[in-house]
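Accompanying notes for the structure given below.
Treat the numbers as computed from the prediction; the structure is a model and nothing was measured. In each ligand, atom 1 is the first atom listed, and ligand 1 is the first ligand listed.
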Amino acid sequence: MHRLSLIALTLTFATPLLAQQAADAIAPETAGAGDSFAGLSDAARAALDTKAAGKPVTAQDWMIAAANPLAVQAGADVLAAGGSAADAMIATQAVLGLVEPQSSGLGGGAFLVWYDAATGKVTTLDARETAPLAVTPKAFLNDDGTPMGFFDAVVGGLSVGTPGTPKLMEVAHRRWGRTNWADLFDDAIELGTNGFAVSDRMAGAIADDAERLARFPATAAYFLPNGNPLPAGATLTNPAYADTLTQISQHGTAAYYTGPIAQDIIATVRNADGNPGYLAMDDLALYQVKERDPVCVMYRAAEVCGMGPPSSGALTVGQILGMLDTYDLAALGPDSPESWRLIGDASRLAFADRGRYMADSDFVPMPTAGLTAAPYLAERAALLSGDDALPEVAPGMPEWDHAMLLGDDIALEFPSTSHISIVDSFGNALSMTTTIENGFGSRLFVRGFLLNNELTDFSFATHDDAGYPIANRIEPGKRPRSSMSPTIVMQDGKPIMVVGSPGGSQIIGYVAQTIIAHLDWGMDAQQAVAMGHGLNRFGTMDLEAGTPLAELEQPLADLGFEVKVGDLNSGLHAIVIDGETLTGGADPRREGIALGE
Ligand code: GLY
């Protein structure tokens, strides 16, 4: 990652606020990287240049923003030909699984938020992985009852949940597709067959993870040919992936969830050397994408809508924003330690509730409405009215028609994942966060794609020290709690922003901050995704190194925060919709672009 943070100072800005945010901007990872993406259209190359200059991309008809230019171009071609946002998502996801395999793909899961222009309705689809039906509550405990080491559980078959992404592509296409299903895989099949250049980011991720990738022969053969990590720029083909996509394109996802591909997935999981898992053919055959009610919370004049349980995303983003709604962040501005005190402690309070209450609500009763009810958020917001950091935070008592004692979750999540934002020419909007969990997931590679390690998003412990059950404990068929926060911000019944990010549990702070940056601090889509990050999940105030936010280290420590300055590797992709104008931003910390027409 390149952090030449001051290059944007060469641009002229009208106000001190925006000058500050120019200084906040991170130099794009894609600066000068055009040659890594051979085959890009002139428009996509221009989008790379626009991002390198710290500017947003603007368009009138359609727009897409995602983590890799080749994947964006596949989606853009679909949109330009009259396809819907759902069609474009499928083409983009198919290419992402090839060119950014460490983050998402056919072996993972996703959440999708859809705004339908014809009906004005927001719909959310849950394609989260499920725990195998044969799993036991002690799956992630050692024989002595202590939790397993995180990576001991991650690497191998034990962590693999039933993938949801292929089924989501199919369900979204059935509901909202306009393009012939089979055609949506052409670009990915062509790239898998004829090859693509390994990007800097993919090469860096392989090199960093070489030891774990070497554990399994099929994984090592693909990512570490002759024992060496694939270098950036190497031409890589993946005929097995092209074949898997060809079968899905011709026969639908039945070709994936039943038959030889499913058998290979199960054999890979069950025979994983040293760490076999529980996944079975029935788990795949029974897998369902679930439509859930969106979770929407008012912030300023807008309604922030996203994915409810099993994601903690929309509830936690909504709680943070709902508490901050009573404070004038616009007047305070992004440079003020007071703004970050409020954001930091609102986030800590929301994360305390998340740790206690949020899990798969099909398995665990949840106070879903109570957590974002206005009186409850006002009560929690009142805790922020002092001058200093809260000495301690605890979960609150939201209104709930269910008596239940719960312990607090200790699930670990490491940054990974990918996000796709799309607006199509019909006015539909799509926000989808997609993942195989950890970088390279379980490290198991089959039929040209990696299998997820999503089950390690469950709490390894089933009960806390006092014996109270943990809501996010593993159970057969249950979906692990997520932090993924695909979001559509609505105003007057219309979408005004589409946004989301990878980043494990940091996703929540990244998304909340980007919404604040746009709605309160007036930043455009590119400024909002590029500004330095400040997060607080569990007490430590994390400030992004190399940005002016790091200069708040001492002022925030003086307010009583424990402060840590370090990398905060978001992958935000945002589209702002203002009347007829679409403005897109792609996170400079990653390789992606926004592209529109
Ligand atoms: N595995 C990342 C998340 O779901 O939050």
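- Counting the atoms of ligand 1 from 1 in the order shown, those under 4.0 Å from a heavy atom of Glu454 are 1 (N), 2 (C), 4 (O).
- Inspection of the Ser570 and Asp587 side chains reveals an N or O donor paired with an N or O acceptor under 3.5 Å.
- For ligand 1 and Asp457, the ligand atoms under 4.0 Å from any heavy atom of the residue are 1 (N), 2 (C), 3 (C), 4 (O).
- Between Arg354 and Ser483, the side chains place a donor N or O and an acceptor N or O closer than 3.5 Å (distance only, hydrogens not considered).
- Residues passing the ring-ring contact (aromatic ring centres under 6.0 Å, His included) test with Phe351, sequence neighbours excluded: Phe538.
- For the pair Arg447 and Tyr241, the NZ or CZ position fails the cation-pi test of under 6.0 Å to the six-membered ring centre and within 45 degrees of the ring normal.
- Residue contacts with ligand 1 include Arg128, since one or more of its heavy atoms lies under 4.0 Å from the ligand.
- Set against the non-hydrogen atoms of Met484, the atoms of ligand 1 under 4.0 Å away are 3 (C), 4 (O), 5 (O).
- With sequence neighbours excluded, the residues that form a ring-ring contact (aromatic ring centres under 6.0 Å, His included) with Phe440 are Phe223.
- Some N or O of Ser483 is nearer than 3.5 Å to an N or O of ligand 1, by distance alone.
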